[in-house]
S.K.: 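I have a structure I would like to understand better, so I am pasting it below and will then ask my questions one at a time.
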2 protein chains.
Amino acid sequence: MLLYGSLGGVLIALLKYIEYQHFVRAYPAEIYGGALALIFAALGLWFGLRSAKAKEVVVLKEVRVRHDEPFVVDVAKLEELAITPRELEILGLIAEGLSNREIGERLFVSENTVKTHSSRLFQKLGASRRTQAVQRGKELELIP
Amino acid sequence: MLLYGSLGGVLIALLKYIEYQHFVRAYPAEIYGGALALIFAALGLWFGLRSAKAKEVVVLKEVRVRHDEPFVVDVAKLEELAITPRELEILGLIAEGLSNREIGERLFVSENTVKTHSSRLFQKLGASRRTQAVQRGKELELIP
DNA sequence: ACGAAAATCACCCATTCGTATGACGACTTG
DNA sequence: CAAGTCGTCATACGAATGGGTGATTTTCGT
């Protein structure tokens, strides 16, 4: 800012000197004043835009985009494969790495029940292993 | 822009007229010129800053798309857990739902070998089931 | 070239899993 | 009401899995 100010002052003095010596008599004062006004208006505008550009850079950016969608089960595929709610529930627990026994404990049913559910589930998913069932479930968007 | 231009022109004319009529004799030309320069410099600066503010708003733009990353294994965690390349490979195949036998066939090794690898893998991952290992592997970004 | 790490394989044993089969009760629907 | 679906549970058996130990061979870094 200080630099700009002093530079402007020098420029003014210079211009004034030149003008006074050579043109003050050649052209009417209106031309002189107009030119001066134009020059300084341009100068001011230039400086203004310059500082404007600087400001432009400083502007902060704060935008968040979604990263994970909420996930919804593909109900169409569920019905298509005739997978019951209970079976889907068990698929989810299988995907969490729980054993049949643990699933039974969590759902307050016997391990045998879990086995029947998972067995039917595997049939419907075309899986023969639980890891396979998990993979299929993710592919079919039945589990996140 | 046009509006500003014409306004500036009118202003110039007005100023010139007033000056010519009253001050041309009262003060030396330097003062007159200096004042004019100052005024127009300020005017230009003001306009510059004004347009600067407008530009500042435009800059408010941000792209932070992050939906699907290509996925790279977390080498740091791999070393931290001392997981060998072979073990990681087997983890991937487990995640695909393959049985130990199938993994052995695909890698041209015996099922027993697969079992030892997976056994050590489970130890390192703190898993007791393969489904659990898969889950841990995904959490630790060892597999996609 | 030596030694450590990795990979390979085998055997054993207990547990878990997958599958089949049958059964029973609750609920829905025609 | 009869049929169908769903959830529940049991038993049984073979396959798969997990865990442990021991051993040999490759590979690789210093």
Side-chain angles (χ1 to χ4, degrees), chain A residues 73-140 142-143, chain B residues 73-140 142-143:
Chain A
V73 294
D74 190 334
V75 187
K77 288 210 186 66
L78 269 185
E79 292 179 2
E80 185 186 330
L81 296 173
I83 293 178
T84 71
R86 199 57 157 173
E87 288 163 356
L88 178 63
E89 190 178 6
I90 285 181
L91 175 56
L93 296 175
I94 287 178
E96 285 185 25
L98 301 183
S99 70
N100 287 337
R101 180 182 307 281
E102 287 167 335
I103 294 174
E105 284 169 5
R106 183 173 300 197
L107 298 183
F108 304 105
V109 298
S110 92
E111 183 185 345
N112 290 315
T113 303
V114 177
K115 282 167 80 172
T116 39
H117 281 315
S118 55
S119 202
R120 291 196 191 128
L121 183 64
F122 297 158
Q123 264 183 278
K124 293 170 182 175
L125 286 177
S128 51
R129 279 172 279 292
R130 43 181 48 217
T131 44
Q132 233 175 46
V134 170
Q135 206 203 9
R136 297 281 298 131
K138 303 211 178 200
E139 282 175 11
L140 300 174
L142 304 180
I143 49 179
Chain B
V73 294
D74 190 334
V75 187
K77 288 210 184 69
L78 270 185
E79 292 178 3
E80 185 186 331
L81 296 174
I83 293 178
T84 70
R86 198 56 157 175
E87 287 163 358
L88 178 63
E89 191 178 6
I90 285 182
L91 175 57
L93 295 175
I94 288 178
E96 284 185 25
L98 301 183
S99 71
N100 287 338
R101 180 183 307 280
E102 287 167 336
I103 294 175
E105 285 169 5
R106 183 173 299 197
L107 298 182
F108 304 106
V109 298
S110 90
E111 184 184 346
N112 288 315
T113 303
V114 177
K115 283 168 76 174
T116 42
H117 282 315
S118 55
S119 202
R120 292 202 188 123
L121 183 65
F122 297 158
Q123 263 183 278
K124 292 170 183 176
L125 287 177
S128 52
R129 278 172 280 293
R130 42 181 51 217
T131 45
Q132 234 175 44
V134 169
Q135 205 203 11
R136 297 278 300 133
K138 302 211 177 201
E139 282 176 12
L140 300 174
L142 305 180
I143 50 178

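Reminder, nothing fancy here: chain letters follow the sequence lines and each chain counts from 1. Note: hydrogens, waters and symmetry copies are ignored here, and every other heavy atom, side chains too, is used.
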S.K.: Rounding to a whole Å, what distance do you find between I90(B):CD1 and dA6(C):C1'?
M.R.: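 That distance rounds to 12 Å.
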
S.K.: Between R120(A) and E87(A) (salt bridge meaning N to carboxylate O under 4.0 Å), is one present in this structure?
M.R.: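 Looking at E87(A) together with R120(A), the answer is no, because their closest N to O distance does not fall below 4.0 Å.
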
S.K.: Once you round it to whole Å, what is the distance between C1' of dA5(C) and CD of E87(B)?
M.R.: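 Computing the E87(B):CD to dA5(C):C1' distance gives 11 Å.
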
S.K.: Could you tell me the separation between the CG atom of L107(B) and the P atom of dA6(C), rounded to a whole number of Å?
M.R.: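 Checked: the CG to P distance equals 18 Å.
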
S.K.: Would you say S118(A)'s side chain and V114(A)'s backbone share a donor-acceptor pair under 3.5 angstrom?
M.R.: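 Confirmed, S118(A) side chain pairs with V114(A) backbone.
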
S.K.: Nearest whole angstrom, please: distance from the P of dA5(C) to the NZ of K124(B).
M.R.: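 To the nearest whole Å, that distance equals 11 Å.
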
S.K.: Given 3.5 Å as the limit, does a donor-acceptor pair link the side chain of K115(B) with the main chain of N100(B), or not?
M.R.: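 Pair absent, no side-chain N/O of K115(B) close to backbone of N100(B).
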
S.K.: Is the distance from OP1 or OP2 of dT5(D) to the nearest side-chain N or O of T84(A) less than 4.0 Å?
M.R.: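 No, because none of the side-chain N or O atoms of T84(A) sits under 4.0 Å from OP1 or OP2 of dT5(D).
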
S.K.: At under 4.0 Å between heavy atoms, what does T113(A) touch on the DNA or RNA strands: base, sugar-phosphate, or nothing?
M.R.: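 Here T113(A) touches the bases of the nucleic acid.
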
S.K.: Using a cut-off of 4.0 Å between protein heavy atoms and nucleotide atoms, how would you tag nucleotides 12-30 of chain C 5' to 3' with B, S and -?
M.R.: B---SBBB-B---------

S.K.: Tell me which of A82(B) and F108(B) sits closer to the 5' end of DNA chain C, going by the nucleotide each one is nearest to.
M.R.: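 The residue mapped nearer the 5' terminus is A82(B).
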
S.K.: Tell me the interatomic distance from L81(B), atom CG, to dA6(C), atom C1', rounded to whole angstroms.
M.R.: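 Distance, rounded to whole Å: 17 Å.
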
S.K.: Could you tell me how far apart I83(B) (CD1) and dA7(C) (P) are, to the nearest whole angstrom?
M.R.: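 Taking atom P of dA7(C) as the reference, CD1 of I83(B) is at 12 Å.
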
S.K.: Please state how far atom CG in L88(A) lies from atom C1' in dG7(D), giving the value in whole angstrom units.
M.R.: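 Going from L88(A) (CG) to dG7(D) (C1'), I get 15 Å.
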
S.K.: Quick one: does E89(B)'s side chain have a donor or acceptor within less than 3.5 Å of a partner on P85(B)'s backbone?
M.R.: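 Absent.
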
S.K.: Using a strict 4.0 Å threshold on nitrogen-to-oxygen distance, state whether E80(B) and K77(B) make a salt bridge.
M.R.: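 No, E80(B) and K77(B) are not salt-bridged.
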
S.K.: To the nearest Å, give me how far apart CD (E102(A)) and C1' (dG18(D)) are.
M.R.: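 About 14 Å, once rounded to whole Å.
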
S.K.: Does E96(B) pair with R106(B) as a salt bridge, N-O distance under 4.0 Å?
M.R.: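 A salt bridge is present here (some side-chain N lies under 4.0 Å from a carboxylate O).
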
S.K.: Can you list the steps and then say if R130(B) with F122(B) is a side chain to side chain contact (heavy atoms under 4.5 Å, CB included)?
M.R.: CA-CA 8 Å; R130(B) 42 181 51 217; F122(B) 297 158; 3.9 Å; yes

